Amino acid sequence: MPSQKSKTKPKDKRKTQEKNASAQGEEKKRFHPSGPRPLWSGTITFGLVSLPVNLYPANRPKPVSLRMVDAQGAPLARRYFCEKEERVLDYDELIRGYEVEKNEFVVVEDRELDSLAPEKSQEIDLKRFVGLDEIDPMYFQRAYFMTPDKGVTKAYRLLAESMESAGRAGIATFVMRGKEYLVAIIAEKGILRAETLRFAEEIRAPEDIALPEATRPDKQRAKAMQKAIEALTEKGFAREELQDLQSQRIVARAEEKLARGEDVIALGEEDAPEFEPEQGGEVVDLMQVLKQSLAEGRPPGQETRSDADKSKPEKRAKPAAERGKEKKRPTSQRGTGKRRSAELEGLSRDELYERAQQLDLPGRSRMSKAELAKAIAAAG
């Protein structure tokens, strides 16, 4: 009698798929904790067309970011150390200097930097178009996807299709986070992409490098080399081949040790630093963002209450012995500090910098977002 194959019920199969998807989501949140938020919002202006758009980084930060901590798990911070006086300097003791010769500097103060900063603008003014083949890839620096704001999807698609069919890229300048960028707007597969460009003085010419003089290669050796290339030539290039194997191994090792409870250290809530250092970017599920924007649905980054609740990580319970050792601060003090921290963390670096200007905090132009927030909180 033939053996009967076990059949999985559709309901059980759905539960299994949902469980697997949930597990993958939790794993992604552990190593990529942030959600889709635009890095910059503004307007593309082209003739009589005004197109509100949002910019999202096209690249993710490195999948593995190892923090420097001490033996108890407290994150370590970098400080400026004066070798001459053999001591750590405070922010109000720091100044900027332009080195004109070795050990000779011209001091540039914060107020001078503020006066030289580009005028704030939320516009990308497309003034000229060039052929895509006219832009050397060496000038490309960083890519950003551009998504349409709600209600302008038709104009966005019209501009993207027109540029793509013409094989043209728009060249413009815009200001982001207090810095002016030269940018090329490129259309591909119905999506606009902004490529920040390096300036001409940043690109080396072949003449700047000591290359040997060109010589004519041997014909037989050249044919042999061409055959070797053809033997390894493939029809297409698969994106899956671009794998960061080292980062995957580090993540696997961290997961393995976490599952065993080996070398896991954690601080109490009152011992944890109030501000996390910047990680260099945010992780964006681009397909989700594009689908939301192009469908003119809920704007990206606006989560429902249930979505926000699901995204909150669960706190690990600590042993009773460890909880008993922890020192508690007065409830009123903790509440005030947390509210203050939450308020500052919700601001962008530009907004924090404006507050630092109002408070006349020294050294503000060199501070990161986390350092600005900490300095503002300390100033009261």
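Atom set for the values below is all heavy atoms of this structure, side chains included, hydrogens, waters and symmetry mates excluded. Numbers for residues simply follow the sequence, beginning at 1. Every value quoted in this text rests on a predicted model; they were computed, and no experiment measured them.
- To the nearest 0.5 Å, the span separating OG1 on Thr147 from CD1 on Ile191 amounts to 10.0 Å.
- Looking at every heavy atom in both residues, Asp263 comes nearest to Lys257 through OD2-NZ, 2.8 Å.
- Side-chain contact between Val183 and Leu197 is absent, with no heavy atoms from C-beta onward closer than 4.5 Å.
- Proximity of Asp70 to Leu76: side-chain heavy atoms (C-beta onward) are separated by under 4.5 Å at one or more points.
- With hydrophobic clusters built from ILVMFWY side chains whose heavy atoms lie under 4.5 angstrom apart, Leu113 does not share a cluster with Tyr80.
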Scan the side chains in residues 160-175 for donor-acceptor partners under 3.5 Å anywhere in the protein, sequence neighbours excluded, and list what turns up.
{"residue": "Ser162", "atom": "OG", "partner": "Leu158", "partner atom": "O", "Å": "2.7"}
{"residue": "Glu164", "atom": "OE1", "partner": "Lys189", "partner atom": "N", "Å": "3.3"}
{"residue": "Glu164", "atom": "OE1", "partner": "Gly190", "partner atom": "N", "Å": "3.2"}
{"residue": "Glu164", "atom": "OE2", "partner": "Lys189", "partner atom": "N", "Å": "3.0"}
{"residue": "Ser165", "atom": "OG", "partner": "Glu161", "partner atom": "O", "Å": "3.0"}
{"residue": "Ser165", "atom": "OG", "partner": "Ser162", "partner atom": "O", "Å": "3.0"}

| query | How far apart are the C-alpha atoms of Leu159 and Val49, what are their side-chain angles, what is the distance that settles it, and do they pass the side-chain contact (heavy atoms from CB on, under 4.5 Å) test? | reply | CA-CA 9 Å; Leu159 178 60; Val49 177; 5.9 Å; no

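- Using a 4.5 Å heavy-atom threshold, the side chains of Ile135 and Phe140 count as touching.
- Atom CD of Glu256 and atom CG of Leu258 lie 11.0 Å apart (nearest 0.5 Å).
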Report all side-chain donor-acceptor pairs from residues 96-107 shorter than 3.5 Å, counting only partners two or more places apart or in another chain.
{"residue": "Arg96", "atom": "NE", "partner": "Ser365", "partner atom": "OG", "Å": "3.2"}
{"residue": "Arg96", "atom": "NH2", "partner": "Ser365", "partner atom": "O", "Å": "3.3"}
{"residue": "Glu99", "atom": "OE2", "partner": "Asn103", "partner atom": "N", "Å": "3.4"}

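- Annotation: side chain of Leu39 is in contact with side chain of Tyr144 (closest heavy-atom distance under 4.5 Å).
- With a 4.5 Å cut-off on side-chain heavy atoms, Thr43 and Ser50 count as touching.
- Of all non-hydrogen atoms in Ile265 and Gly73, the two that sit nearest each other are CD1-CA, 3.3 Å.
- Counting only residues at least two apart or in different chains, salt bridge (charged side-chain N to carboxylate O under 4.0 Å, His left out) contacts with residues 191-200 comprise Glu188-Arg193, Arg193-Glu195.
- Pairs passing the salt bridge (charged side-chain N to carboxylate O under 4.0 Å, His left out) check and including a residue from residues 129-139, sequence neighbours excluded, do not occur.
- Applying the side-chain hydrogen bond (donor to acceptor under 3.5 Å, both in side chains) test to Tyr181 and every residue at least two apart in sequence or in another chain returns nothing.
- Annotation: salt bridge (charged side-chain N to carboxylate O under 4.0 Å, His left out) contacts of Asp218 (sequence neighbours excluded): none.
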| task | Decide yes or no on side-chain contact (heavy atoms from CB on, under 4.5 Å) for Leu359 and Ile376, but give the supporting numbers first. | result | CA-CA 8 Å; Leu359 295 172; Ile376 293 170; 4.1 Å; yes

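- In terms of the ring pair (Phe, Tyr, Trp, His ring centres under 6.0 Å) criterion, residue partners of Phe46 (sequence neighbours excluded) are, by chain and number, Phe129.
- Pairing each heavy atom of Leu192 with each of Tyr156, the nearest pair is N-OH, 2.9 Å.
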Only pairs under 3.5 Å count here: list side-chain donor-acceptor contacts from residues 199-209, not counting sequence neighbours, and write none if there are none.
{"residue": "Glu202", "atom": "OE2", "partner": "Phe199", "partner atom": "N", "Å": "2.8"}
{"residue": "Asp208", "atom": "OD2", "partner": "Ala205", "partner atom": "N", "Å": "3.0"}

Show which side-chain atoms of residues 116-128 pair as donor or acceptor with protein atoms under 3.5 Å away, not counting sequence neighbours.
{"residue": "Lys120", "atom": "NZ", "partner": "Glu354", "partner atom": "OE2", "Å": "2.3"}
{"residue": "Ser121", "atom": "OG", "partner": "Glu123", "partner atom": "N", "Å": "3.2"}
{"residue": "Gln122", "atom": "NE2", "partner": "Ser41", "partner atom": "O", "Å": "2.3"}
{"residue": "Asp125", "atom": "OD1", "partner": "Thr45", "partner atom": "OG1", "Å": "3.2"}

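- Residue-environment remark: CZ (Arg221) stays at or below the threshold of 12 foreign heavy atoms within 6.0 Å.
- Remark: Asp92 engages Asp90, Pro362 in a side chain to side chain contact (heavy atoms under 4.5 Å, CB included) (not counting sequence neighbours).
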Under 3.5 Å, which donor-acceptor pairs do the side chains of residues 245-253 form with other protein atoms, sequence neighbours left out?
{"residue": "Ser247", "atom": "OG", "partner": "Asp244", "partner atom": "OD1", "Å": "3.4"}
{"residue": "Ser247", "atom": "OG", "partner": "Asp244", "partner atom": "OD2", "Å": "2.5"}
{"residue": "Gln248", "atom": "NE2", "partner": "Gln243", "partner atom": "OE1", "Å": "2.7"}

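- In the hydrophobic clustering of ILVMFWY residues, with side-chain heavy atoms under 4.5 Å counting as a link, Met176 and Leu51 come out together.
- Across Val53 and Met146, no two heavy atoms sit closer than the pair CG2-CE, 3.7 Å.
- The shortest heavy-atom contact between Leu344 and Ala373 is CD1-O, 3.5 Å.
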Pair up each side-chain donor or acceptor in residues 229-237 with any protein partner under 3.5 Å, not counting sequence neighbours, and list the distances.
{"residue": "Thr233", "atom": "OG1", "partner": "Ile229", "partner atom": "O", "Å": "2.6"}

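- Contact detail for Ile185 and Ala194: the closest heavy-atom pair is CD1-CB, 3.9 Å.
- Judged by distance alone, the side chain of Thr196 and the main-chain N or O of Gln141 form no donor-acceptor pair under 3.5 Å.
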| said: Between Phe145 and Leu55, does the side-chain contact (heavy atoms from CB on, under 4.5 Å) criterion hold? Intermediate values first, please. | reply: CA-CA 6 Å; Phe145 286 105; Leu55 258 65; over 6 Å; no

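- Between the side chains of Asp114 and Tyr353, at least one donor N or O lies within less than 3.5 Å of an accepting N or O.
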